[in-house]
Number of protein chains: 2
Amino acid sequence: MAVTDAIDHDAPTPVYKQLAAILRRRIEAGDLVGRLPAEADLMEIYGLGRDSVRKGLTLLKEAGLIESVQGRGTFVVPPDQRPKGEPESSE
Amino acid sequence: MAVTDAIDHDAPTPVYKQLAAILRRRIEAGDLVGRLPAEADLMEIYGLGRDSVRKGLTLLKEAGLIESVQGRGTFVVPPDQRPKGEPESSE
DNA sequence: AGTGATTTGTGCGTATGTATG
DNA sequence: CCATACATACGCACAAATCAC
């Protein structure tokens, strides 16, 4: 695992945003497809609390990159279904 | 959305009390029934932090207007089960 | 049909840091 | 100093939906 894929707790950027950035990169690179690791797994993998994991995932949901289904998991939205035109987050 | 349903951060009244007042109005008007929006949703809807949302909900719980159930959500207490006798917070 | 495991949804508690009045 | 308020971040418990058997 490259250092660029690690969470830096001392960085000024919140860890949940770091997680979102990491996953976003992997998703847009086509690396991450289908079902994402479960929240519990992401917690273990990146050494984060569930709060941070869920906040990170929420960012990606708002971006239309992923979708969560209770009882099933969280899934990467296929590229052709992703909102490319208007990123609703002008912020 | 009416202006009366907006949170005024500049008002002398704390925002969490404003939230409680807003929800109380909607509950007593029969507008809000069943499950309330999740805490995270209330944060988004009214543009508040978790602190304020939870404090606001706490006021309504103390007033017997709502009840929270861990793992399920926060629910409006049916009118016939509401304590009408002693309104502990006349404010 | 039923039981248990998995996974997300929700709420509760607590803590730290920053900022304002 | 203290109350208000937001953001971040950890932990836990329980519910609901789904899946696997």
Side-chain angles (χ1 to χ4, degrees), chain A residues 5-24 26-27 32-77 89-91, chain B residues 5-24 27 32-77 89 91:
Chain A
D5 271 38
I7 302 287
D8 181 9
H9 283 76
D10 297 327
T13 311
V15 291
Y16 74 91
K17 287 187 182 175
Q18 291 182 49
L19 174 64
I22 291 171
L23 296 179
R24 174 190 285 267
R26 296 189 54 193
I27 289 172
L32 220 54
V33 191
R35 228 202 71 182
L36 268 67
E39 291 177 359
D41 293 330
L42 291 174
M43 289 169 61
E44 266 229 29
I45 293 171
Y46 293 101
L48 299 177
R50 199 184 173 196
D51 222 31
S52 303
V53 167
R54 287 181 62 87
K55 275 188 180 171
L57 294 180
T58 295
L59 290 182
L60 299 179
K61 285 173 206 167
E62 289 170 352
L65 289 176
I66 61 174
E67 278 174 1
S68 291
V69 183
Q70 188 176 10
R72 300 219 314 131
T74 303
F75 304 85
V76 175
V77 174
S89 64
S90 48
E91 167 230 8
Chain B
D5 270 38
I7 302 289
D8 182 8
H9 283 73
D10 298 327
T13 313
V15 292
Y16 72 91
K17 287 187 182 176
Q18 291 183 49
L19 174 64
I22 290 171
L23 296 179
R24 173 190 286 267
I27 289 172
L32 220 56
V33 191
R35 229 202 69 184
L36 268 67
E39 287 183 357
D41 293 330
L42 289 174
M43 289 169 60
E44 264 229 29
I45 294 170
Y46 292 101
L48 299 176
R50 193 190 178 196
D51 260 13
S52 305
V53 167
R54 296 193 56 175
K55 278 185 181 174
L57 294 180
T58 296
L59 290 182
L60 297 179
K61 286 174 205 166
E62 289 171 351
L65 287 176
I66 62 173
E67 277 174 1
S68 292
V69 184
Q70 195 172 20
R72 299 217 315 134
T74 303
F75 302 84
V76 175
V77 174
S89 66
E91 174 223 7

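First the proteins, then the strands, lettered A, B, ... as listed; each starts at 1.
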Do Val76(A) and Val33(A) have side-chain heavy atoms sitting under 4.5 Å apart?
no
Please report the distance, rounded to the nearest Å, between CD in Glu44(B) and P in dT10(C).
13 Å
Where along residues 49-58 of chain A does a heavy atom come under 4.0 Å from DNA chain D, residue by residue in number order?
Gly49(A), Arg50(A), Asp51(A), Ser52(A), Lys55(A)
Between P of dT8(C) and CG of Leu36(A), the distance in whole Å
9 Å
Phe75(B) atom CZ is separated from dC14(D) atom C1', nearest whole Å, by 12 Å
Which atom pair, heavy atoms only, marks the closest approach of Val15(A) to Ser52(A)?
CG2-OG, 3.7 Å
Using OP1 and OP2 only, check whether a side-chain N or O of Lys61(A) sits under 4.0 Å from dG9(C).
yes
Atom-to-atom span, CG of Leu42(A) to P of dC10(D) - whole angstrom
13 Å
Looking at Thr13(A), is its backbone amide N or carbonyl O close enough to the side chain of Gln18(A) to form a donor-acceptor pair, meaning the two atoms are under 3.5 Å apart?
yes
Determine: side-chain N/O of Thr74(B) to OP1/OP2 of dG11(C), distance under 4.0 Å, yes or no.
yes
To the nearest angstrom, how far is Glu67(A) atom CD from dT7(C) atom C1'?
16 Å
With respect to the phosphate group of dT4(D), does any side-chain polar atom (N or O) of His9(B) fall under 4.0 Å of OP1 or OP2?
no
Going by the side-chain contact (heavy atoms from CB on, under 4.5 Å) test, name the single residue among Leu48(A), Asp51(A), Leu59(A), Leu57(A) that passes it with Tyr16(A).
Leu59(A)
Grab the N/O contacts between the protein and nucleotides 15-21 of chain D below 3.5 Å, and write none if there aren't any.
from, atom 1, to, atom 2, distance (Å)
dA15(D), O4', Gly71(B), O, 2.9
dA16(D), OP1, Arg72(B), NH1, 3.2
dA16(D), N3, Gln70(A), NE2, 3.3
dC19(D), OP1, Arg72(A), NH1, 3.4

Hey, which sits more toward the 5' end of DNA chain D by its nearest nucleotide, Leu48(B) or Val15(A)?
Leu48(B)
Correct closest heavy-atom pair for Leu36(A) and Phe75(A) would be CD1-C, 4.2 Å
Hey, is the side chain of Tyr16(A) poking within less than 4.0 Å of OP1 or OP2 on dA9(D), counting only N and O atoms?
no
With a sphere of 6.0 Å drawn around CD of Glu67(A), does it hold more than 12 non-hydrogen atoms of other residues, nucleotides or ligands?
no
Met43(B) CE to dG11(C) P, in whole Å, measures 12 Å
